[in-house]
Amino acid sequence: MPSGRGSFDATLAGLVLLSWSVAFKLLTTDARNVSYEAGEEQRVWAEEGGPAILPCHLNPQTLESNLGEVYKRLSVRWKRRGSRSPQVHHMVLEVAPSGLKTRARSMMPRASVQDTDFLRGNFSLQIRPTSRDDAGRYWARVEYGSQVHCCALKLEVVSATANPPGPVVESEPVKLTCNSTLPEKPKKIQWFHDSQLITTSGRFQPVDQTLFISRSMGSDSGPWVCELTYAGGERVSVTHHLQVLGFPVPAHPVVYAAAGSDVHLPCILNFNPLDYVNSQVAVCWSHVAGDDQKAKSNQHQENNRNITLYLPAVGPDSAGQYLCAVSINGTTISKTVTLIVMTVIPSIEGPILEGSRLLLTCSPSQPPGKVHFQWKLLGSEPANSSKAVSRSSERSTMGWIREFSKVSAEDAGTWECSIHSPEGRLGSVQYHLEIAGAQVASPQQNLVPGQITSGLVTFLLVLVVAIAVLTLLTRRTPSLNFPALDRLVAAALPGKEVKDAVHEEKVLQMEP
């Protein structure tokens with residue numbers, strides 16, 4: 001029996017040893033064939049409302065050595081542990097070896113992975129849009145063949161909000177607030193608008209993570225960027241698109257128009273108020289120097305941004321400031337438009353005779369500031385020729401003058417006076433110059449003393465020559481008894497009449 005008992009113990013010991021050997025062999029085999037790659041937990045940032053990408057990749061060496069097994073019984077499983085319940089793990093998305101995808105109800109249809117990227121070793125999780133509740137820790141387990149790959153990440157969500165939340169009307173106050181799900185407070189917060197850093201001045205007052213805008217303007221519309229800087233130099237930014245119903249720049253435009261022309265005074269909102277629910281819009285145009293005027297705009301029912309005022313055939317009385325007032329849900333915003341009417345005043349009223357001295361005055365209805373005037377005869381010489389005059393004037397209430405010392409036929413045509421600023425051409429007005437004919441000047445204006453003396457001498461010389469010729473003719477040619485000719489000769493030759501009278505008396509005495 002003892003020998004049998006010893007044989008049984010030896011057999012049992014052998015079986016135990018064999019089982020341990022098999023188990024150890026299986027464990028070592030699994031250890032050789034299973035690859036567990038998990039580095040340090042990576043922090044990923046995402047904007048609320050934007051996409052979030054949680055990266056999970058095979059490194060190139062692993063992918064190259066196991067490319068043949070990547071699609072061999074491939075499965076991907078993403079799970080998370082939320083910030084509200086850190087001890088509970090939730091399935092986010094799972095891809096079975098058959099390709100069937102399963103998503104958590106809260107992640108449908110926001111969570112996805114790209115199957116086409118699997119062969120490139122990319123198993124990243126994409127969430128769009130991202131909410132603050134998506135923040136937390138995420139793990140990924142990828143199995144392919146006999147290999148296992150794991151990724152660990154932490155998602156933080158940053159957001160920027162405005163109060164009031166919807167579009168605000170110009171001049172209303174606005175608060176912009178920047179928040180993140182990271183419990184750690186940032187070391188520094190900066191706000192940017194149009195790539196310009198906002199400092200504490202004027203309308204802007206940064207307070208902790210809030211930027212207070214005391215009086216909003218239409219130009220405040222657009223992206224506002226909040227940049228958070230944490231310990232270690234980590235920076236994260238978030239963008240909020242602010243909408244302020246108002247007028248784009250320039251805030252106070254100036255319109256130049258020629259007298260008699262039609263004018264459109266601009267008043268255009270940056271957004272259509274009717275695009276927002278329960279928006280009630282009322283428009284009123286008024287002339288500062290006169291009574292209220294009705295708006296004659298070219299707006300259509302589907303476009304209430306354009307409330308431009310149309311003025312036909314403006315004159316000097318139309319010049320001045322116009323106020324465009326827009327009431328949106330009880331809040332009124334206004335914009336001032338200045339109309340400057342340009343006229344040309346000639347120094348001569350009525351027909352302009354050739355040779356006259358003429359002044360053409362280019363007269364705007366109010367001083368235009370630092371500008372320069374330019375005169376040009378249209379359809380002939382270019383602006384830099386002798387017929388184009390360009391001079392500077394800082395403040396000239398009378399405009400600028402084009403002088404013609406003696407108007408000639410070459411000056412006839414359409415003359416244009418244009419006003420220019422460093423930004424470009426502001427406006428112009430035209431004047432049509434017509435020449436009536438040659439001017440007949442008086443002797444006192446046209447003849448000098450030397451010219452008068454020369455004329456008298458010439459006249460006397462002609463008269464003497466005429467008398468001499470008539471005298472010779474009367475001596476050589478007998479009278480043909482033409483009374484009219486005799487009287488003409490008698491008028492030209494004094495004493496002839498006396499001789500004829502004596503001759504007639506002698507003839508009468510000789511008659512019986």
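On a predicted model such as this, the values are computed, not experimentally measured, just so you know.
Looking at Tyr230 and Ser180, their side chains do bring a donor and an acceptor atom within 3.5 Å of each other. Looking at Thr210 and Asp208, their side chains never bring a donor and an acceptor atom within 3.5 Å of each other. Side-chain N/O atoms of Thr308 and His264 include no donor and acceptor closer than 3.5 Å. In the model, His420 has a side-chain atom that pairs as donor or acceptor with a side-chain atom of Ser418 under 3.5 Å. Using modelled atom types, one finds no donor on one side chain facing an acceptor on the other under 3.5 Å when comparing Glu227 with Trp191.
Using a 4.5 Å heavy-atom threshold, the side chains of Trp375 and Cys362 count as touching. Counting only heavy atoms from C-beta outward, the side chains of His240 and Leu176 approach each other to under 4.5 Å. Looking at heavy atoms from C-beta onward, Thr229 lies out of side-chain contact with Ile189 at the 4.5 angstrom threshold.
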Please assess Leu74 against Glu143 for the test side-chain contact (heavy atoms from CB on, under 4.5 Å), listing each intermediate value before the final yes or no. CA-CA 6 Å; Leu74 175 67; Glu143 297 182 5; over 6 Å; no
Go through it in stages, so that I can follow the logic: the residues are Arg43 and Glu41, the test is salt bridge (Lys or Arg N to Asp or Glu O under 4.0 Å), and I'd like the CA-CA distance, side-chain angles, deciding distance and then a yes or no. CA-CA 7 Å; Arg43 183 154 63 191; Glu41 185 180 65; over 6 Å; no
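Ring geometry, Phe123 versus His149: the interplanar angle falls from 30° to 60°, so the pair is classed tilted.
Evaluation of the ring pair (Phe, Tyr, Trp, His ring centres under 6.0 Å) rule for Phe404 yields Trp415 as partners, not counting sequence neighbours.
Salt bridge Arg425/Glu416: present, at least one basic N to carboxylate O contact under 4.0 Å.
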